[in-house]
Amino acid sequence: MALAAARRLLLHAGSRLGRREAVDGARRFANKRVLVETEGPAGVAVMKLRNPPVNSLSLECLTEFTISLEKLENDKSIRGVILTSECPGIFSAGLDLLEMYGRNPAHYAEYWKNVQELWLRLYTSNMILVSAINGASPAGGCLLALCCDYRVMADNPKYTIGLNESLLGIVAPFWFKDMYVNTIGHREAERALQLGTLFSPAEALKVGVVDEVVPEDQVHSKARSVMTKWLAIPDHSRQLTKNMMRKATADSLIKQREADIQNFTSFISKDSIQKSLHMYLEKLKQKKG
Ligand SMILES: CCCCCCCCCCC/C=C/C(=O)SCCNC(=O)CCNC(=O)[C@H](O)C(C)(C)COP(=O)(O)OP(=O)(O)OC[C@H]1O[C@@H](n2cnc3c(N)ncnc32)[C@H](O)[C@@H]1OP(=O)(O)O
């Protein structure tokens, strides 16, 4: 409830919590975890996730992300968004495991509702979304990229991308799966989902998880040049086409949002699933020591 109130305040009272400033004709607004810079005449915004150390999608981060997106969507001068990360070497580590571990069912339900909301807003956005994937992008990180209209990834074999949920002992929800199938086809998605494959940039390109792989220092310039190409298409025809391609997938979640929240909550609350998450978190810790 407190988060919903903060969201309303941020959105409608302008930038009481956020900042808005003008720099050389460019505008920027920032929440704590999301920075948005817009470039005047081109109508393009660059949205940078900055939730260190790994841009995990905590409830706060999801909320700020959704609000920022909503602001851009409502700003008729903005036609395209480049989504990227400010955390070195990480695009996004995906959903925040600490939001799904050791909490109560009401928290899980609230968290999942916000995950759904961000996904629906991103996936059905009227704007052109291009992701500049400048780091690791597992699970929910991959989901963010898959929502975009075009994906450019840095050519660094240390960076991997994919829906790896099964490696954590959890299951990608049907709408993650649907988007994967839409992107890479049924057979590849079936295999990658079961194995929890994290693709290197070269593999991701081959299978179609990303559209282009470029040297790391060219990710942003390439994303901009892709955006320029997409901006040349009339908005109305591009938007209607995008809607035609994505509506069925979005509608299948919209129709059963409440049931999906219940499924998530009961699944994630299971002792066996909590145990799997505990083991995975321990593994992440041990990697360090
Ligand atoms: C019947 C069907 C019903 C279905 C119902 C639905 C079921 C549930 C669906 C849930 C869908 C889940 C989607 C997800 O996104 S789950 C998250 C998946 N993410 C990962 O697996 C990534 C894990 N992290 C990493 O691999 C690495 O951290 C990474 C490569 C991203 C970075 O490596 P690096 O070496 O740079 O950093 P560290 O590993 O040392 O990490 C630094 C600290 O950050 C913590 N961390 C990492 N990832 C996460 C995360 N996702 N959430 C929270 N915290 C994270 C890590 O533990 C370190 O913390 P400490 O410094 O405290 O040790």
Side-chain angles (χ1 to χ4, degrees), residues 33 49-62 65 85-103 105 107-119 122 133-147 153-154 156-180 192-201 204 209 252-253 256-289:
R33 297 164 187 87
L49 288 180
R50 51 172 187 186
N51 190 25
V54 293
N55 276 340
S56 62
L57 300 170
S58 63
L59 189 50
E60 288 79 6
C61 184
L62 284 175
F65 195 157
S85 157
E86 217 180 53
C87 291
I90 316 282
F91 181 68
S92 164
L95 302 192
D96 195 310
L97 294 164
L98 301 177
E99 303 282 8
M100 300 188 285
Y101 174 72
R103 307 290 193 115
H107 182 84
Y108 297 141
E110 173 71 4
Y111 183 60
W112 201 246
K113 189 173 160 208
N114 281 272
V115 175
Q116 288 180 339
E117 191 167 345
L118 175 61
W119 180 75
L122 260 184
I133 307 165
N134 51 350
S137 194
C142 176
L143 187 82
L144 299 180
L146 290 171
C147 285
M153 187 170 188
N156 183 332
K158 283 193 198 145
Y159 303 163
T160 57
I161 184 166
L163 296 181
N164 63 328
E165 281 81 352
S166 65
L167 298 182
L168 283 72
I170 56 179
V171 181
F174 74 88
W175 37 287
F176 286 39
K177 177 267 296 174
D178 286 348
M179 201 171 40
Y180 221 22
L193 281 168
Q194 288 190 56
L195 295 174
T197 309
L198 286 168
F199 297 103
S200 68
V209 173
S252 66
L253 176 61
Q256 44 184 320
R257 275 188 84 164
E258 209 39 59
D260 185 61
I261 293 173
Q262 294 305 322
N263 278 343
F264 171 77
T265 303
S266 64
F267 178 84
I268 214 76
S269 303
K270 283 183 204 289
D271 286 347
S272 59
I273 300 302
Q274 287 291 304
K275 211 167 152 191
S276 295
L277 290 178
H278 175 76
M279 280 162 56
Y280 190 74
L281 282 162
E282 284 300 307
K283 220 163 74 184
L284 281 177
K285 266 194 203 138
Q286 278 161 20
K287 197 183 69 173
K288 277 185 167 169

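For ligands, and for the atoms within them, numbers begin at 1 and follow the listed sequence.
The proximity of I170 to ligand 1, defined as any non-hydrogen pair under 4.0 Å, is limited to the side chain. Looking at N164 against ligand 1, only its side chain comes within 4.0 Å, counting heavy atoms. No part of L281 comes within 4.0 Å of ligand 1, judged by heavy-atom distances. Contact annotation for L143 and ligand 1: no heavy atom of the residue comes within less than 4.0 Å of the ligand.
In summary, of the residues considered (F264, F267, W112), a side-chain contact (heavy atoms from CB on, under 4.5 Å) with P173 occurs for W112 alone.
Here the heavy atom of the protein found nearest to atom 31 (C) of ligand 1 is A93 CB, 3.6 Å. For atom 14 (C) of ligand 1, the closest non-hydrogen atom of the protein is A139 CB, 3.4 Å. With hydrogens left out, the protein atom closest to atom 58 (C) of ligand 1 is K288 NZ, 4.1 Å, a heavy atom. In terms of protein heavy-atom proximity, atom 34 (P) of ligand 1 is nearest to K287 NZ, 3.7 Å. Of the protein's non-hydrogen atoms, D96 OD1, 4.4 Å is the one closest to atom 54 (N) of ligand 1. The closest protein non-hydrogen atom to atom 30 (C) of ligand 1 is A136 CB, 4.1 Å. The protein atom (non-hydrogen) at minimum distance from atom 45 (C) of ligand 1 is V54 CG2, 4.3 Å. What sits closest to atom 52 (N) of ligand 1 on the protein, heavy atoms only, is L97 N, 2.9 Å.
Between E99 and R103 there is a salt bridge, since at least one side-chain N of the basic residue sits less than 4.0 Å from a carboxylate O of the acidic one.
When each atom of ligand 1 is checked for a heavy atom of G94 under 4.0 Å away, the hits are 15 (O). Of all the atoms in ligand 1, the ones that sit under 4.0 Å from a non-hydrogen atom of G140 are 14 (C), 15 (O). Residue L168 approaches ligand 1 through these ligand atoms, each under 4.0 Å from one of its heavy atoms: 16 (S), 18 (C), 21 (O). Those atoms of ligand 1 with a heavy atom of V171 less than 4.0 angstrom away are 6 (C), 7 (C), 8 (C), 9 (C). Less than 4.0 angstrom separates some heavy atom of P138 from each of these atoms of ligand 1: 20 (C), 22 (C). Listed by number with element, the atoms of ligand 1 under 4.0 Å from a non-hydrogen atom of S56 are 50 (C), 52 (N). Each of the atoms 32 (C), 36 (O) of ligand 1 lies under 4.0 Å from some heavy atom of I90.
Here the closest heavy-atom approach between residue Y108 and residue S269 is recorded as CD1-OG, 3.5 Å. Between L163 and Y180 the shortest heavy-atom distance is N-OH, 3.4 Å.
Between the side chain of N156 and the backbone N or O of G135, no donor-acceptor pair lies under 3.5 Å.
Counting only N and O atoms by type, the side chains of D96 and S56 include a donor and acceptor under 3.5 Å apart.
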Are N55 and S92 close enough, and set up right, to give a side-chain hydrogen bond (donor to acceptor under 3.5 Å, both in side chains), and what steps lead you there?
CA-CA 5 Å; N55 276 340; S92 164; over 6 Å; no
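Residue contacts with ligand 1 include Y280, since one of its heavy atoms falls under 4.0 Å from the ligand.
Here L253 contributes atom CG and D178 contributes atom CG; the two are 9.5 Å apart, rounded to the nearest 0.5 Å.
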